[in-house]
Asker: 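I have a structure here, written as structure tokens, and I will follow up with some questions on it.
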Amino acid sequence: MAVSGRFTVFVVLISTVVMISSPVSAWSASCGSPDFAQFQYCKDLTHLGAFLFWNYTAAASGTPTLTVAFTASPVAADGWIGWGLNPTGSGMIGTQALVAFRHSNGDYSVETYNLVSTAPLQQSTSISYSVTALRAVYNGNQMTLYATLKLPAPAPTVNHTWQVGNSVINNVPQKHGFSADNLDAYGTLTLSPPPSPSPSPVPTPAPGPPPPSSPPPSPPPPALPPPPSWAAPTPLSWMLVMVPLVVFIFGF
């Protein structure tokens with residue numbers, strides 16, 4: 001019984017070590033991720049490891065809409081991510097921002113901010129776009145914010161910015177870093193990019209010249225004349241030969 005008990009303790013200890021040392025699978029986004037299959041377009045934003053997924057509806061009549069999912073890794077577990085459109089220029093100033101973070105009540109939420117200066121953020125403010133369907137999720141190492149924006153008019157492109165930060169205090173996102181990646185996190189987004197060109201078909205090679213024809217077959221050699229036929233002597237032919245011979249012999 002003592003040996004069996006020690007063996008059980010050993011197995012439990014080994015199992016605990018394996019569970020502690022096994023890495024937790026990390027969730028990550030990419031343009032081929034099935035988690036965002038409902039979106040028609042995707043762009044690797046290059047800076048800050050961020051991706052943007054979107055659907056754009058430019059109705060012939062009515063208000064165009066832009067539905068987005070912006071995903072990035074916050075600098076820290078209690079950090080934040082942000083994305084927005086800038087209707088007045090490029091860069092941060094003027095951006096109508098959507099910022100996702102973990103609220104003090106434990107829920108992840110999305111707040112709106114009109115970035116009129118580089119001053120630290122205060123409380124949430126209204127923005128110039130009508131926004132619905134705001135929500136945020138956190139999956140192990142990446143945070144994603146979702147939103148649908150009504151645009152004032154159809155447009156081929158928009159200016160957008162994105163950012164990540166490492167802390168939130170009293171439900172207010174704090175300043176982000178100032179590395180090259182942070183400062184370069186803006187650009188122009190083509191709302192309806194053309195589809196990727198299909199690879200050109202491999203041209204079928206032109207047929208080559210026909211192979212040379214075989215020479216005509218040589219004529220057969222001339223047939224040899226048949227050998228002379230020697231007919232067997234008939235009785236009459238024997239008499240014609242033998243009678244003179246007998247007369248010649250016995251006539252003397």
Asker: Contact between Leu98 and Ile127 at the side-chain level, heavy atoms closer than 4.5 Å - yes or no?
Answerer: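 They are in side-chain contact.
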Asker: Measure the CZ-OG distance between Arg102 and Ser104 for me, rounded to the nearest 0.5 Å.
Answerer: 10.0 Å
Asker: Thr112 versus Tyr129: any side-chain heavy-atom pair under 4.5 Å?
Answerer: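 With C-beta onward as the side chain, the pair stays apart.
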Asker: Please step through side-chain contact (heavy atoms from CB on, under 4.5 Å) for the pair Leu52 and Trp162, ending with a clear verdict.
Answerer: CA-CA 10 Å; Leu52 182 69; Trp162 60 98; over 6 Å; no
Asker: Are any of the side-chain heavy atoms of Tyr56 and Pro154 separated by less than 4.5 Å?
Answerer: yes
Asker: Do the side chain of Asp181 and the main chain of Gly49 share a donor and acceptor less than 3.5 angstrom apart?
Answerer: no
Asker: Identify the heavy atoms of Gln142 and Ser73 that sit nearest to each other, and give their distance.
Answerer: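 Heavy atoms only, the tightest pair is CG-OG, 3.2 Å.
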Asker: Working to the nearest 0.5 Å, report the span between CG of Asn159 and CG of Leu85.
Answerer: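 Those atoms lie 8.5 Å apart.
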Asker: Rounded to the nearest 0.5 Å, what separates atom NE2 in His176 from atom CG in Leu121?
Answerer: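 Between His176 NE2 and Leu121 CG, I get 9.0 Å after rounding to 0.5 Å.
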Asker: Is there a path of hydrophobic side-chain contacts, each under 4.5 Å between heavy atoms of I/L/V/M/F/W/Y residues, joining Phe101 to Leu145?
Answerer: no
Asker: Applying a strict under-4.5 Å side-chain criterion to I, L, V, M, F, W and Y, I'd like to know whether Val164 and Tyr113 cluster together.
Answerer: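 Result: no, two separate clusters.
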Asker: Within this structure, what is the NZ-SG distance for the pair Lys43 and Cys31, rounded to the nearest 0.5 Å?
Answerer: 9.0 Å
Asker: Is it true that Asp35 and Ser33 share a donor-acceptor pair across their side chains at a distance under 3.5 Å?
Answerer: yes
Asker: So, does Asn55 use its side chain to make a donor-acceptor pair with the main chain of Gln40 at under 3.5 Å?
Answerer: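 Between the backbone of Gln40 and the side chain of Asn55 there is a qualifying donor-acceptor contact (under 3.5 Å).
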Asker: Under 3.5 Å, side-chain donor or acceptor atoms of residues 87-97 against the rest of the protein: list the pairs with distances, not counting sequence neighbours.
Answerer:
from	atom 1	to	atom 2	distance (Å)
Thr88	OG1	Asn86	OD1	3.0
Thr95	OG1	Gly91	O	3.1
Thr95	OG1	Met92	O	2.9
Thr95	OG1	Thr161	OG1	3.2
Gln96	OE1	Ser128	N	2.9
Gln96	OE1	Ser128	OG	3.4
Gln96	NE2	Gly94	O	3.1
Gln96	NE2	Asn114	OD1	2.8

Asker: Leu66 and Val99: same hydrophobic cluster, using ILVMFWY side-chain contacts below 4.5 Å?
Answerer: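 As far as the 4.5 Å side-chain criterion goes, Val99 and Leu66 are not connected within one cluster.
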Asker: If two hydrophobic side chains count as joined below 4.5 Å and joins carry through other members, does Tyr138 share a cluster with Leu134?
Answerer: yes
Asker: Check this for me: Gln38, atom CD, are more than 12 non-hydrogen atoms of other residues, nucleotides or ligands nearer than 6.0 Å?
Answerer: yes
Asker: Do Val116 and Thr125 have side-chain heavy atoms sitting under 4.5 Å apart?
Answerer: no
Asker: Against Trp54, only a single residue in Tyr41, Phe36, Tyr146 fulfils ring pair (Phe, Tyr, Trp, His ring centres under 6.0 Å); can you say which?
Answerer: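 In the set Tyr41, Phe36, Tyr146, the residue that makes a ring pair (Phe, Tyr, Trp, His ring centres under 6.0 Å) with Trp54 is Tyr41.
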Asker: How about Phe53 and Cys42: do any of their side-chain heavy atoms sit closer than 4.5 Å?
Answerer: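 The answer is yes, as the side chains (C-beta and beyond) meet within the 4.5 Å cut-off.
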Asker: Of the options Val110, Ile81, Thr144, which is the one that meets Phe70 in a side-chain contact (heavy atoms from CB on, under 4.5 Å)?
Answerer: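 Answer to the side-chain contact (heavy atoms from CB on, under 4.5 Å) test with Phe70 among Val110, Ile81, Thr144: Ile81.
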Asker: For Gln174 versus Trp80, what's the shortest heavy-atom pair and its separation?
Answerer: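 Result for this residue pair: O-NE1, 3.0 Å.
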Asker: Is Tyr186 reachable from Leu48 through a run of I, L, V, M, F, W or Y residues, each pair having side-chain heavy atoms under 4.5 Å apart?
Answerer: no
Asker: Below 4.5 Å, heavy atoms only, C-beta onward: do Gln163 and Asn182 meet side chain to side chain?
Answerer: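 They are in side-chain contact.
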Asker: Quick one: does any side-chain atom of Asn170 pair with a main-chain N or O of Val172 as donor and acceptor, under 3.5 Å?
Answerer: no
Asker: Return the OG1 to CG distance between Thr157 and Leu189, rounded to the nearest 0.5 Å.
Answerer: 8.5 Å
Asker: Is it true that a side-chain atom of Thr71 and a backbone atom of Met143 form a donor plus acceptor pair closer than 3.5 Å?
Answerer: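 Confirmed, Thr71 side chain pairs with Met143 backbone.
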Asker: Drop me the distance from Ser109's OG to Asn171's CG, to the nearest 0.5 angstrom.
Answerer: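 Rounded to the nearest 0.5 Å, the OG-CG separation comes out at 7.5 Å.
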